[in-house]
Amino acid sequence: MAQAAVEVPPKGGFSFDLCRRNEMLSNKGVPPPSLRKTGTTIVGLIFQDGVILGAGTRATEGPIVCDKNCEKIHYMAPNIYCCGAGTAADTEAVTDMVSSQLQLHRYHTGRESRVVTALSLLKSHHFNYQGYVQAALVLGGVDANGPHLHTIYPHGSTDTLPFATMGSGSLAAMAVFESKYHEGLRKEEGINLVCEAICSGIFNDEGSGSNVDVCVITKGHKEYLRNHQSPNPRTYVTSKGFSFPKKTEVLLTRVTSLQEKVEVVEGGDAMEE
Amino acid sequence: MDSNEAKQHNLMGSESALERTLYPYVTGSSVVAIKYKDGILMAADMGGSYGSTLRYKSVERLKPTGKHSILGASGEISDFQEILRSLDELILYDNMWDDGNSLGPKEVHSYLTRMMYNRRNKFNPLWNSLILGGVKNGQKYLGMVSMIGVNFEDNHVATGFGNHLARPILRDEWHENLSFEDGVKLLEKCMRVLLYRDRSAVNKLQIAKITEEGITISQPYALKTFWGFVTFENPTVGAVGSW
């Protein structure tokens, strides 16, 4: 193949050399690298008095854990919480936005928010963006019609379920739910089952890890149990602690106050026109 | 220069493309297996899917090989049948030596690994994930080989979807010295989750048991499922128009 003209070093600005290579590769049938999903495990279940939501606390940037202890259970209303999986920015932004909308709605109607309101707002927002808002949510709460648990997918479809899991660890967590869930769970049983499901995601899925957050919502009451379980403590912590040597010795300290550069004179001449 | 380029880019050549396995056609879903007190327990359903149709519902995916091992396979059924024929030949030649020795599970597993890896190197894989379990001289052995030749030995193994749905349960609940009943209950638990959550699963499964005494493969039977959740009965209560 005839070589291209002698390589001239780029003068600055964008270099589009790799575009030709990418085009050549895709013509040969090499698919371009796909978007990376941020891993997580989020779950929810309905127990006899209400809803329990659970989430892992790992946030990943590709292969790296960027946040070991992030909060994935977002506040929507005093009686409604929402777990988010997928692109972290999308889950935060969309739950924040709907939370504000719900609050305005509460002022407007003077009543407690309903879970289906949050559901409709979230699903229509997602559908409008045709799946580009990559947020998979588990929405749960207790309102005047009882406890509700829904899942919302990035393209805007929803499910109403007695137990739900989302995220990369959803299969591991679902295996636990499918084998152990039954109706009429008591609160302790429910919390234990949620913790087991999240731990199953933490230990069997690479995208999930660190600690377990739990949120229990019942009629008129909610308990946000941040880091309810920490099954991944730092194993080796030196007991001596760390002391960093001071790098620069202080030889002399002298304080000089700034002199005033401008004299303020009261009742001077008026400004000239 | 141009023809050189063409040859470089087309490593396979057009003739050999006709002879390579490119995609599977009739596939079996997951197989799950565990070691228990007396030997190995292996479970697989009897479905053979043709793409997304559940076409064959009486495919036996667990087969004894020799006196000491059972082979369970998921993936392309025709490749599984080919593997069985190769193993038959292997066991036959071994018997013809008539020296009182017989191939144990470890040896069969090694043979399968070599076969799968070799085919993968020729870009013509046998499209299967295999589980090989057996007992010889009191030693239990349970191993897995994938279609690219990845092989390992463990106390509990699964193929396909079983890795995602059954392995977490097994990691939590498996322990040494499971009794036969407990082992079967554990396998049924895993197969039930697979039945609920794997679209290519059918509710007709066989469980195979292998111990020092011999091999038994059960008759096909179905698992009980529960669909009576209150939310399943009327999910749109309070959310008219959703589902």
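Residue numbering restarts at 1 for every chain, and letters A, B, ... go by the order of the sequence lines. Since we're looking at a predicted model, the values are computed, not measured.
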Could you tell me which portion of [X] (side chain, backbone, both or neither) has an atom closer than 4.5 angstrom to a non-hydrogen atom of chain A?
X: B/Leu165; value: both
X: B/Glu188; value: neither
X: B/Arg197; value: side chain
X: B/Phe161; value: side chain

Practice problem: Please confirm whether B/Tyr25 and B/Trp127 have ring centers closer than 6.0 angstrom. | Solution: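 Centroid separation for B/Tyr25 and B/Trp127: 6.0 Å or greater.
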Quiz item: What part of A/Phe163 gets closer than 4.5 Å to chain B, counting heavy atoms only: side chain, backbone, both or neither?
Solution: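 Answer is side chain: those atoms of A/Phe163 sit under 4.5 Å from chain B.
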Self-check item: B/Leu186 CG to B/Ser179 OG distance, which is reported to the nearest 0.5 Å
Solution: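 Those atoms lie 10.5 Å apart.
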Quiz item: Taking NZ, NE, NH1 and NH2 as the nitrogens, is one of them in B/Arg61 or B/Asp45 under 4.0 Å from a carboxylate oxygen of the other?
Solution: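 Counted as a salt bridge, because a side-chain N and a carboxylate O are separated by less than 4.0 Å.
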Quiz item: Hey, does the side chain of B/Thr211 reach the backbone of B/Gly39 with a donor-acceptor pair shorter than 3.5 angstrom?
Solution: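 Between the backbone of B/Gly39 and the side chain of B/Thr211 there is no qualifying donor-acceptor contact (under 3.5 Å).
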Quiz prompt | side chain to side chain contact (heavy atoms under 4.5 Å, CB included) partner of A/Gln229, chosen from A/Val194, A/Val212, A/Val214 | solution =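 The residue from A/Val194, A/Val212, A/Val214 that satisfies side chain to side chain contact (heavy atoms under 4.5 Å, CB included) with A/Gln229 turns out to be A/Val212.
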